[in-house]
Engineer: 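Just dropping this structure here.
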Amino acid sequence: MKDQDQWLARRKRLFYIVEVGASEDRVSRLYDLVNSLAIVINLIASILYTFEEVREPYGPALLTIEAVTVAFFSVDYCLRLWTARFLFPKQSGARAVLSYISSFSGLVDLLSFLPYYLPVFLPSGAVAFRMFRVVRIFRLFRINAYYDSLHVITEVISSKRQQLISSVFIILVLMLASSLCMYSLEHDAQPDVFTNAFSGIWWSVSTLLTVGYGDIYPITTMGKFFGICIAFLGVGMVAIPTGIISAGFVDQYSRIKRLSEYANEADIHFIKARLSKNDPWAGRTIQELGLPAGIIVAAIQRDGTIVVPRGSVELKPDDTLVLGAKPLGDDKHIDLKEMVLRSQSPWNGRRIRELDISRQTIIVMVRRRGNVLIPNGDLVLKEGDSIILYTQTPMDHASTIEI
C-alpha cells in the first residue's frame, strides 16, 4: 500500500511538471520552456524546409530536428495521457483519458505527431498525412497558456463569443442577400460572370470585407449603385467584430486593474493559519479544499518564501496560509462577546463540556498567551483565558465585539 501511494505521488508530481507550472516550481517551468522551444523550433524547421536554397544544403539537419521535436511531442502526449486522471480529478481513470483525448488540446497534441508516423504504416496516404502536419501550428496555443499577457486574448474571445457569433451571422446573411440581389441586377448583362445566385458570393465577400480584388464587378447602373451601398455597409459590418474585441480588451484590463485594487476598495480582511501534520488540508491542493464563496487563499508562506496560491499547488505541513475574506454587509452584523476568566470565575479549571451554558451560547475560540485554541469539549479553561463566544444572554463581565 505504501509503494502504491509513493507511485501515485510520483505520478501526481509528473502531472504538475507537464502542466503549466508555478514560478516557484523550477522543474515544471523548465519543462514548459523546453516545450515552448520545441514548438517554435519545429515550426521554424518546417518553414525553412520549404525554401529550396535552404533545403539543399541543410535538408538532412532540418529533417533531424523535425524528427527529434516530433518524438518529444509524442512523449509529451503519452505523459499527458498517463496523468489525465489529475487533470480531471472528478472522473475515473478511463473517463479522464477519454476526456483529454476528445478535448481541443488533446486533439491538437495528437495531430501534432501522429501524421508524421502514419506514412510509415500507410505509404499511399503520405500526401494527405503531410497536410495534417499543418495542425502542428495549433500547439502554439500551449505557449499562450504560459504567459498571462497572451492569455488575455483567449479570455476576451471566450467572454465575447456570443457577440462575435452574432456579428459573424449578420455578415453571412448580408453576404448571401447581396449575392442574390447582385445576381438579379447583373445576370442579364453578365451571364458568364453572375451565372447563378451563389456566383456573387465572391463579389460580396470582397466588397463587404473591403478587400476589393476587382475580378468580379457590376457594369449596370443599378448594379453599381447597389455595389456602393454594399461597400458602405461592409465598412460598418466589419467594424462590429473589431469593436467587440476592442471593448473586450478594455473590460479585461479594467477587471485586472480592479482586482489589483480590490483589497483597498473592498477592505478585505486577512488572517494567517499554520498547517500541522494532522490538519486535513495538508497534502491537498487548493482546488480540492472547497472553500466557501468569498474566501480566498491569498498567499502561502513556505520555508521563508512566498508561493503563489494556484489551484494545483499542494499544501504541506508547516505552511502558513494567508486567507482573505470580504466583510459582511452593514445589515448583517454578528455580535460576539469576549470575556477574560478571573480566579473567582466558575468556569475556571473546568472543561468546556462541563459548563452550564444554554444551547444558544457557543464558544467560538479561546485565546491563551497569544495562541488561539480550538474550543473542543475536553479543553480545560484557565485563569487569564480570553473567551470569544456568541450568546443572546446578557453577560455583565463581557465586552461586545462587532463583526
Side-chain angles (χ1 to χ4, degrees), residues 19-20 32 35-36 39-40 43 47 80 87-88 99-112 131-183 197-216 226-262 287 293 310-311:
E19 286 298 314
V20 180
D32 296 341
N35 198 355
S36 302
I39 296 170
V40 174
L43 292 176
I47 293 172
R80 293 181 188 277
L87 184 62
F88 303 95
S99 297
Y100 168 69
I101 293 175
S102 59
S103 64
F104 175 76
S105 59
L107 292 174
V108 170
D109 292 342
L110 178 64
L111 293 176
S112 64
M131 293 178 60
F132 276 108
R133 296 185 188 181
V134 179
V135 180
R136 202 177 300 162
I137 197 172
F138 287 106
R139 282 189 71 95
L140 288 172
F141 283 110
R142 287 220 173 270
I143 299 178
N144 180 42
Y146 300 148
Y147 302 98
D148 294 335
S149 58
L150 295 177
H151 189 64
V152 172
I153 300 174
T154 306
E155 291 291 334
V156 169
I157 295 177
S158 177
S159 62
K160 301 295 182 180
R161 62 183 180 275
Q162 295 295 337
Q163 295 92 323
L164 290 173
I165 291 173
S166 300
S167 62
V168 171
F169 177 74
I170 294 173
I171 293 175
L172 292 176
V173 171
L174 189 57
M175 285 180 181
L176 182 59
S178 61
S179 176
L180 290 170
C181 292
M182 189 58 70
Y183 168 77
F198 291 99
S199 59
I201 289 289
W202 174 248
W203 169 84
S204 63
V205 169
S206 61
T207 304
L208 283 171
L209 300 183
T210 66
V211 178
Y213 285 107
D215 52 345
I216 298 178
F226 182 72
I228 293 173
C229 296
I230 293 300
F232 275 106
L233 286 175
V235 174
M237 288 298 102
V238 174
I240 292 177
T242 305
I244 291 173
I245 295 177
S246 300
F249 272 105
V250 173
D251 292 342
Q252 187 72 6
Y253 282 111
S254 298
R255 187 181 70 85
I256 294 174
K257 183 179 180 181
R258 286 197 302 270
L259 287 176
S260 63
E261 299 174 352
Y262 190 66
Q287 63 187 5
R310 303 179 187 273

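One is the number of the first residue; the rest follow in order along the sequence. Fair warning: this is a prediction, and the values are worked out from it, not measured in the lab.
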Engineer: Can any side-chain N or O of Thr207 pair as donor or acceptor with the backbone N or O of Ser204 at less than 3.5 Å?
Structural biologist: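 Between the backbone of Ser204 and the side chain of Thr207 there is no qualifying donor-acceptor contact (under 3.5 Å).
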Engineer: Between side-chain atoms of residues 170-178 and protein atoms elsewhere (two or more places apart, or another chain), which donor-acceptor pairs fall under 3.5 Å?
Structural biologist:
unit_1: Ser178; atom_1: OG; unit_2: Leu174; atom_2: O; d: 2.9
unit_1: Ser178; atom_1: OG; unit_2: Met175; atom_2: O; d: 2.9

Engineer: Can you name the closest pair of heavy atoms from Ser167 and Ile240 and give their distance?
Structural biologist: CB-CG2, 3.5 Å
Engineer: Kindly give the heavy-atom pair with the smallest separation between Ile245 and Leu164, and that separation in Å.
Structural biologist: CG1-CD2, 3.9 Å
Engineer: What pairs with Phe226 under ring pair (Phe, Tyr, Trp, His ring centres under 6.0 Å), at least two apart in sequence or on another chain?
Structural biologist: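 Here no residue qualifies.
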Engineer: Side chains of Val156 and Asp251: closer than 4.5 Å at any heavy-atom pair?
Structural biologist: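 Side chain of Val156 against side chain of Asp251, heavy atoms only: no contact under 4.5 Å found.
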Engineer: The criterion is side-chain hydrogen bond (donor to acceptor under 3.5 Å, both in side chains); which residues satisfy it with Ser99, sequence neighbours excluded?
Structural biologist: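 With sequence neighbours excluded, Ser99 shows a side-chain hydrogen bond (donor to acceptor under 3.5 Å, both in side chains) to Gln91, given in chain and number order.
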Engineer: Answer whether the closest heavy-atom distance between the side chains of Ile230 and Met182 falls below 4.5 Å.
Structural biologist: no
Engineer: Identify which one of Val250, Ile244, Thr242 satisfies the side chain to side chain contact (heavy atoms under 4.5 Å, CB included) criterion when paired with Ser246.
Structural biologist: Thr242
